[in-house]
Every structure is written in C-alpha cells, then in structure tokens.
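This report refers to the structure that appears directly beneath it.
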Amino acid sequence: MNIAASPGRPGSPASAPDDAIIDASAVDYTVQVAGKPMRILRGVSLRVEAAQVAAIIGPSGSGKTSLLMLLAGLERASAGRIVVGGTDITGLDEDAMAVFRRNTLGIVFQSFHLIPSLSALDNVGLALEIARPDLDLAAVRKEAAATLEAVGLGGRLDHRPGALSGGEQQRVGLARALVTKPRLLLADEPTGNLDQKTGAAVADLMFDLARRNGTAMVLITHDPALAARADRVFTMMQGELAETPREKK
Ligand SMILES: Nc1ncnc2c1ncn2[C@@H]1O[C@H](COP(=O)(O)OP(=O)(O)OP(=O)(O)O)[C@@H](O)[C@H]1O
Ligand SMILES: [Mg+2]
C-alpha cells in the first residue's frame, strides 16, 4: 500500500479503518500524586495511517511522553481504547503486551536506555535477536552492523555507550529501534540531543529507513524542522491533543 503519497492532509479522503496503524480514542491517563488524582491526558484521540509520519509538538509537561508510553503499552490508559496495528492493547496482559511490542514496535526513548556493558553492535544485535529468534548469530551481527552504518556509526561498532557521545548514543538507540523493521516507530525527541546538522542527517536516515521499510512513525519533537517533515502535526496542550492545520504551499 502506498498511503504515504497522500498523507491525510486536510481534504484527503479517509482511508479504510484497517489501514490505521494507530487508532486511539478518548484516552485518559490519570495518576495518583500524593494521594490525589492528577489527570495527565484528557480525552486524547489519535489516528495514524500505515506508513504515515505524525509529529507531536507542545510545551514541556503537556503529556507527550505520557501518550507515547501508553501507545507503547508501557503504561496503562485509565480510560479509552488504544488499537495499534489492529491489536486492542488496552486489554492485553503483560505477556501479550511484550509479544505485541516485539512484533510491532520500535521505540526510541527520550533518555536512551542502552545497556552499558554491551557494545553498540551488541545493543542493536540484542534487539534483533529477541525479535527474530530464527536468525543465526552471524546474520544478526551483519544486520546490526549494517543498521549502525546507516546511522553513521560504522566506525563505532565496538564502543560501549559510555565511550560514545550523547548524539552517538541517540543514533545507537535509533538503530536498535529500526533494526527489526517495525511497522511503527515511536520516538521521543529522536534528534533532541543533536546539533542542527547532525540532527538533520539523523532525520534523513530515519525517514529513509522508515520509507524503505514502510514504517509509520510518531515523532515527539521540539524541533520545528523535524515537525515540518511529518505528514501530519499534532499539538499537545495540557493533556489535550489537536491536529495542527498545515500551511498551504
Ligand atoms: N507517573 C507519573 N506520576 C506523576 N506525574 C507524572 C507521571 N508521569 C508524568 N507525570 C506528569 O505529567 C505531566 C506530563 O509529563 P510528560 O512527561 O508526558 O510531558 P512531556 O510533554 O513529555 O514534557 P517534555 O517536553 O518536558 O518531555 C508532567 O507534569 C509530569 O510531571
Ligand atoms: Mg517528554
């Protein structure tokens, strides 16, 4: 399917329901803080089509990361329904949720969550090994190395995270998320720690790999240049999400 070519701009027809990679409706997320409920997400609805790129912008503390955690099944919605890749994840138990994540998702966190004792190659290889138990070790290492090369880290395969710069660690995180060719990449400020030039280069790689693999992306970003490249832009404000109309070209 090639929906990326007609990316849901205002006026374009709605796609068939089964084309959605994300279909979240009326999602609430309330946490208890010092015994009092705090409503972080307020009736959030979000629909993203297969292979589409959605950017989420909005002020610090507005709820962007919280939404990503719910979409990834790492936190539970308090109300509403979240369907990702055709699976209603609001009802999954922990085991089923782990299988869902492994088969469907790549996640790039705001802080990188790399394994400190493993080299860049093994951090990326481990993710592939878990997702694809059918691959032998040589195939895993070859694919992991190729993905690290694609993000410009071919010369850093044996470096542990502690011996990499922040931007390099971020690119390892990106390679780890993309090495499995997921249907959906959830990325929290994937270029947030990079200078403008490196950020733009990493964004190029990310869009290129995603388009090649038909991966849909949800990108949380404070970077207007990155948001401008998305098919659709949403703004989070105090726990409410709204689509931001794009300026006509
Ligand atoms: N588990 C939690 N317990 C209490 N408060 C929380 C919890 N998770 C998030 N919050 C609060 O919810 C609000 C939204 O947090 P979130 O991390 O989603 O913001 P954000 O939009 O990603 O911000 P930033 O741009 O700074 O990363 C914040 O005020 C945060 O303190
Ligand atoms: Mg955040």
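Because the structure is predicted, anything quoted here is derived from the model rather than measured. The first residue in the sequence is number 1, and the count goes up from there. Note that ligands are numbered from 1 as they come in the structure, with each ligand's atoms numbered from 1 the same way.
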Between R229 and F207, is NZ or CZ placed under 6.0 angstrom from the six-membered ring centre and within 45° of the ring axis? yes

Within the supplied structure, the quantity of interest is the number of heavy atoms (other residues, nucleotides, ligands) at a distance under 6.0 Å from E149 CD; does it exceed 12? yes

Whether T65 has an N, O or S atom under 2.8 Å from the Mg ion (ligand 2): yes

Less than 4.0 Å between atom 25 (O) of ligand 1 and some protein heavy atom, yes or no? yes

Looking only at protein heavy atoms, which one is nearest to atom 31 (O) of ligand 1, and what is the separation? M38 CE, 4.9 Å

Can you establish whether the number of heavy atoms outside Q196 located under 6.0 Å from its atom CD is more than 12? no

Going by distance alone, is a donor N or O of one side chain under 3.5 Å from an acceptor N or O of the other, for D28 and S78? no

Report the nearest protein non-hydrogen atom to atom 15 (O) of ligand 1: residue, atom name, distance rounded to 0.1 Å. S66 OG, 3.8 Å

Of all the non-hydrogen atoms in the protein, which one sits nearest to atom 28 (C) of ligand 1, and at what distance? G61 O, 3.8 Å

For P59, atoms of ligand 1 separated by under 4.0 Å from a heavy atom: 21 (O)

Below 4.0 angstrom from a heavy atom of V33, which ligand 1 atoms are there? Numbered from 1 as shown, please. 4 (C)

the protein heavy atom lying closest to atom 27 (O) of ligand 1 turns out to be Q110 NE2, 3.0 Å

Under 4.0 Å to a heavy atom of H222 - the qualifying atoms of ligand 1, by number: 25 (O)

Yes or no, since that's all I need: does a protein heavy atom fall within a distance strictly under 4.0 Å of atom 13 (C) of ligand 1? yes

Would you say S25 and S45 are linked by a side-chain donor-acceptor pair, where the criterion is simply a distance under 3.5 Å? no

Counting each atom of ligand 1 from 1 as listed, which ones have a heavy atom of V31 under 4.0 Å away? 3 (N), 4 (C), 5 (N)

Criterion side chain to side chain contact (heavy atoms under 4.5 Å, CB included) against V108, the qualifying member of L178, L219, L185: L185

If you measure only the distance, is there a donor-acceptor pair under 3.5 Å linking the side chains of T221 and D223? no

Do the non-hydrogen side-chain atoms of I40 and Y29 ever get within less than 4.5 Å of each other? yes

the protein heavy atom lying closest to atom 10 (N) of ligand 1 turns out to be I40 CD1, 3.4 Å

If we number the atoms of ligand 1 from 1 as shown, the ones under 4.0 Å from a heavy atom of T65 are 17 (O), 18 (O), 20 (P), 22 (O), 27 (O)

Side-chain heavy-atom pair R42, V27 within 4.5 angstrom cut-off: no

